[in-house]
J.: 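My questions will all concern the structure given below.
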Amino acid sequence: MNAQRRPSLIASGLAQVGACGIFLIRILRALPLSLRYLRETVRQVFFVGAMSLTIIMICGLFVGMVLGLQLYHTLSIFGGTAALGTVVALSLYRELGPVVTALLFAGRAGTSITAEIGLMRATDQLDAMEMMAVDPLAYVVAPRFLAGVIAMPLLACVFNALGIFGAHLVGVNWLGLDSGTFWSNMTSSVDVWTDVMNGVWKSAAFGAVCTLIATFQGYTTPPTSEGVAYATTRTVVFSSIATLAIDFVMTAFLM
């Protein structure tokens, strides 16, 4: 019984990936038409970006504080506490900033996008748009997709800034590391194009993938309350898995 179900599960998963790829092509084709609805795009950037700042800033601050505390004690074993700022900055810019921001984005903004589009499907609003000759992909989906791609790198930058600030609070103000040493080693070791832009490209890719999954799950969900609930759960699960998988691939290529 289980042996018979495995091929069907694999086939179903591959079919979902293929359908999501076709959905991405449809979104890209609708992007030029979505430029008519620039106000909607700006509204979505505010919704998924500015409305996510609180959780991004708080989590970034505490992640930086934990990093500073853990790395200080680890580096003190080797007498390398002066490199605390460098290690924290590289960890945040290259990996933790984009990845943790994407996971938080999927949990906060991704679920909201899925639920909103899913409710539009359940209440026949998308069908009503088609009857009025308004393309739902251009008016509803494409602005949210663009907003995710634009907002994610900005949110990652805010996360990184608060993370470095949190590490500075712990390392300098609490543990007594020299402030000049903290900043000078960081600025001399971190390269804008190699390290910072590495995280920017990753965060832009994560924004595209997380928003694609969120819009796809909402757009294709069954028009029931149970269907919307399951779609919201799938958005978080699939976005998290896709973020970590793409992070590995991009790290292998960018490094």
J.: Can you see whether Thr251 engages Glu95 through a side-chain donor-acceptor pair at a distance of less than 3.5 angstrom?
T.: yes

J.: Test of understanding: clusters of I, L, V, M, F, W, Y form through side-chain heavy atoms closer than 4.5 Å, transitively. Do Leu96 and Ile58 belong to the same one?
T.: yes

J.: Does Leu33 share a hydrophobic cluster with Ile27, counting links as ILVMFWY side-chain heavy atoms below 4.5 Å and allowing steps through other members?
T.: no

J.: Is there a donor in the side chain of Thr224 and an acceptor in the side chain of Glu226, or the other way round, less than 3.5 Å apart?
T.: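 Per modelled atom types, Thr224 and Glu226 side chains form no pair under 3.5 Å.
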
J.: Compare every heavy atom of Thr235 with every heavy atom of Thr111, then report the nearest pair and how far apart it is.
T.: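 Heavy-atom minimum between the residues: N-CG2, 4.3 Å.
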
J.: Please name the pair of heavy atoms, one in Val236 and one in Ala106, separated by the smallest distance, quoted to 0.1 Å.
T.: CG2-O, 4.1 Å

J.: Under the criterion side chain to side chain donor-acceptor pair (under 3.5 Å), which of Asn198, Asp195, Asp247, Thr194 is the partner of Arg94?
T.: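 Considering Asn198, Asp195, Asp247, Thr194, a side chain to side chain donor-acceptor pair (under 3.5 Å) with Arg94 is found only for Asp195.
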
J.: Remaining members of Ile77's ILVMFWY cluster at a side-chain heavy-atom cut-off under 4.5 Å?
T.: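 Same cluster as Ile77: Phe78.
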
J.: So with a 6.0 Å cut-off around CE of Met57, is the heavy-atom count from everything else above 12?
T.: no

J.: Which donor-acceptor pairs under 3.5 Å do side chains of residues 149-165 form with protein atoms, sequence neighbours excluded?
T.:
from   : atom 1 : to     : atom 2 : distance (Å)
Asn160 : ND2    : Ala156 : O      : 3.2

J.: After noting the C-alpha distance and the side-chain angles of Tyr230 and Thr221, does the key distance pass the side-chain contact (heavy atoms from CB on, under 4.5 Å) rule?
T.: CA-CA 8 Å; Tyr230 282 138; Thr221 185; over 6 Å; no

J.: Verify the neighbour count for atom CZ of Phe47: are there more than 12 heavy atoms of other residues, nucleotides or ligands below 6.0 Å?
T.: yes

J.: By ring pair (Phe, Tyr, Trp, His ring centres under 6.0 Å), which residues pair with Phe23, not counting sequence neighbours?
T.: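 So Phe23 forms a ring pair (Phe, Tyr, Trp, His ring centres under 6.0 Å) with Phe216, Tyr219.
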
